[in-house]
Amino acid sequence: MKIQKADGNFTLFIYGASGSLAKLKLFPAIYELVKEKRMPSDFKIVGYARTEMSDKEFQDFFEQSVREAEEYIDEAALKKTLKHVHYFSGQYNEEKDYKKFKKYLQTIEKKKDRVRIAYFSVPPSAFNDIFTNLGKVNFNTKKSKLRLVIEKPFGYDLASAKVLKKKINKTFQSEQIYLLDHYLGKEAVSNLLSLRYANSLLTSLMTKQYVSNIQISALESKDIEGRANYFDHVGIMRDMVQSHLLQILAYLTMTAPKEKSSEAIHHEKARILNSLKVSSKTVVRGQYKSYRKEKEIPNDSQTETFAAMKLCLSHPNWKGVPVYIRSGKALKEKWTAVVIEFKPEKPQKDHGQLPTNKLIIQLQPNEKIEFQLLTKLGGKTFDFHSLTTGRPIYCSGDCLSEHGRLFLDVVAGKQGLFLNFEEIFAAWKVIDPLQKICDRMHREHCEPILYPANTLGPKEADELLKKDGFEWYNPS
Ligand code: BG6
């Protein structure tokens, strides 16, 4: 088994290095890569932010973030990581600071032949200044070998996503852009496509002929964790459904591309997303009861912290198969899973309607796959009960956290696990009409349904499936 390593020297600069994305995800991932001996000997991590700070102060912040994120610390690896960490204080909108930064890089970069990576851990409002100024100091040329990593959300709706694309394209080539959705770095998520196409059993069964419905649930026990300003602006549909859950849906239903290129994968994903239809009548929006008491949340906020919806695929392979998606905050437990329910056999005279077969792929907290089959009870009569075959899937071989894994792909110049704008636009086309209706509802004071924390969300979400003769498969 070949272990992926950073295959060349690089400098990573992190814009917004004191922000929560860097602290919670990026720093622990960098430490993990050092601990796992996957970093080259010559790499530099440079925090770039407006706050004045010394290298030492930034290293302390980096160290503290890693200690908070990790249960067990390999002290030697952490010490080694910190030796590569630097800090530069500058404004995002001042060309002169970028010029100084360019000179500063020359003082710390030993070998000149290296990849440079600019990681955006800043709010989208700062993006354009950074693109423009990087361009002004010629960081957009081929020679500069710069790659840009930007995390979701990509815009707020279709129109703003188009503006974002335009702004990026004004200065950079698409080969330089890595649009990151961290779910695609999860081994269990990328395994969905492999499972479908490595197992002829699933390749043949996963079509409209056999599948009665698909369910995708991403339940979270955590609330908004102090991210009031961000979350109240976007809500769960933009935060989780437009990105992570539609990506899972795309992997579950897309046709395997003939070519194995990133472009072909993006195109197939976009094709399936473009075939989705959704109606505002089949959407349930909820809000946990104490949401408006959270710090900095307006006491009349109408933002949804829970959403459940029915989507229909018009793609010929799936026409008529409903897909139910739900996601919410402050729920009973953290549970992310995909359930494929198969069509039942026709009811038989002796034993009526039998329970259905199901394939359950649990993505979080513990990855596992279960097949629910029917087996006959002992005795002369034909009575059945459900037999669950299944086992946890432990990652073996090349295992890494999602940000570490995706980061190595950026260093290697592999874009397959990143998004492109074609699929991002297709996902916004699904969500936009729903949001527009919600926005209109806001004006008419149409409240989301309140639900108590620690539950599975509003019961209206159950009705959505009941009407079609199905029910949610819930965590046991
Ligand atoms: C992020 C969302 O993209 O994903 C968060 O902004 C959410 O609101 C998180 O909690 C969930 O990620 P994971 O990996 O914990 O399932």
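Just so you know, these numbers come straight off a predicted model, no measurement behind them. Starting from 1, each residue takes its place in the sequence as its number. Atoms within a ligand are numbered from 1 in the order they appear, just like the ligands themselves.
- Counting atoms of ligand 1 from 1 in the listed order, those under 4.0 Å from a heavy atom of K186 are 13 (P), 14 (O), 16 (O).
- Ion pair R67/E63 flagged as a salt bridge, since at least one NZ, NE, NH1 or NH2 atom sits closer than 4.0 Å to an Asp/Glu carboxylate oxygen.
- A parallel orientation is assigned to the rings of F62 and F27, their planes being inclined by less than 30° (bins at 30° and 60°).
- Near K334, meaning under 4.0 Å from one of its heavy atoms, ligand 1 places the atoms 13 (P), 15 (O), 16 (O).
- Tested against Y183 for a side chain to side chain contact (heavy atoms under 4.5 Å, CB included), the candidates K152, Q364, Q247 yield a single pass: Q364.
- The aromatic ring centres of F421 and H266 sit 6.0 Å or more apart.
- Between F306 and Y288, the ring center distance fails the sub-6.0 Å criterion.
- Ranking protein heavy atoms by distance to atom 10 (O) of ligand 1, first place goes to E220 OE1, 2.6 Å.
- For E225, no nitrogen or oxygen atom sits less than 3.5 Å from a nitrogen or oxygen atom of ligand 1, counting backbone and side chain alike.
- Atoms of ligand 1 found under 4.0 Å from any heavy atom of E402, numbered from 1 in the order shown, are 14 (O).
- A 4.5 Å side-chain heavy-atom check between I45 and F13 finds every atom pair outside the cut-off.
- Distances from ligand 1 to the non-hydrogen atoms of K329 include at least one value under 4.0 Å.
- If you number the atoms of ligand 1 from 1 as listed, the ones under 4.0 Å from a heavy atom of Q364 come out as 14 (O), 16 (O).
- Contact detail for Y31 and A77: the closest heavy-atom pair is CE1-CB, 4.1 Å.
- Close approach to D239 involves these atoms of ligand 1, each under 4.0 Å from a residue heavy atom: 2 (C), 5 (C), 6 (O), 8 (O).
- Within ligand 1, the atoms closer than 4.0 Å to a non-hydrogen atom of K152 are 1 (C), 2 (C), 3 (O), 6 (O), numbered from 1 in the order shown.
- At a heavy-atom distance under 4.0 Å, only side-chain atoms of Y183, from C-beta outward, approach ligand 1.
- The atoms of ligand 1 that sit less than 4.0 Å from any heavy atom of H244 are 1 (C), 3 (O), 4 (O).
- Listed by number with element, the atoms of ligand 1 under 4.0 angstrom from any heavy atom of H182 are 1 (C), 3 (O), 4 (O), 12 (O), 13 (P), 14 (O).
- Nearest to atom 5 (C) of ligand 1 among the protein's heavy atoms is R227 NH2, 3.0 Å.
- Using a 4.5 Å heavy-atom threshold, the side chains of L12 and K44 count as separate.
- Between K23 and E68 there is a salt bridge, since at least one side-chain N of the basic residue sits less than 4.0 Å from a carboxylate O of the acidic one.
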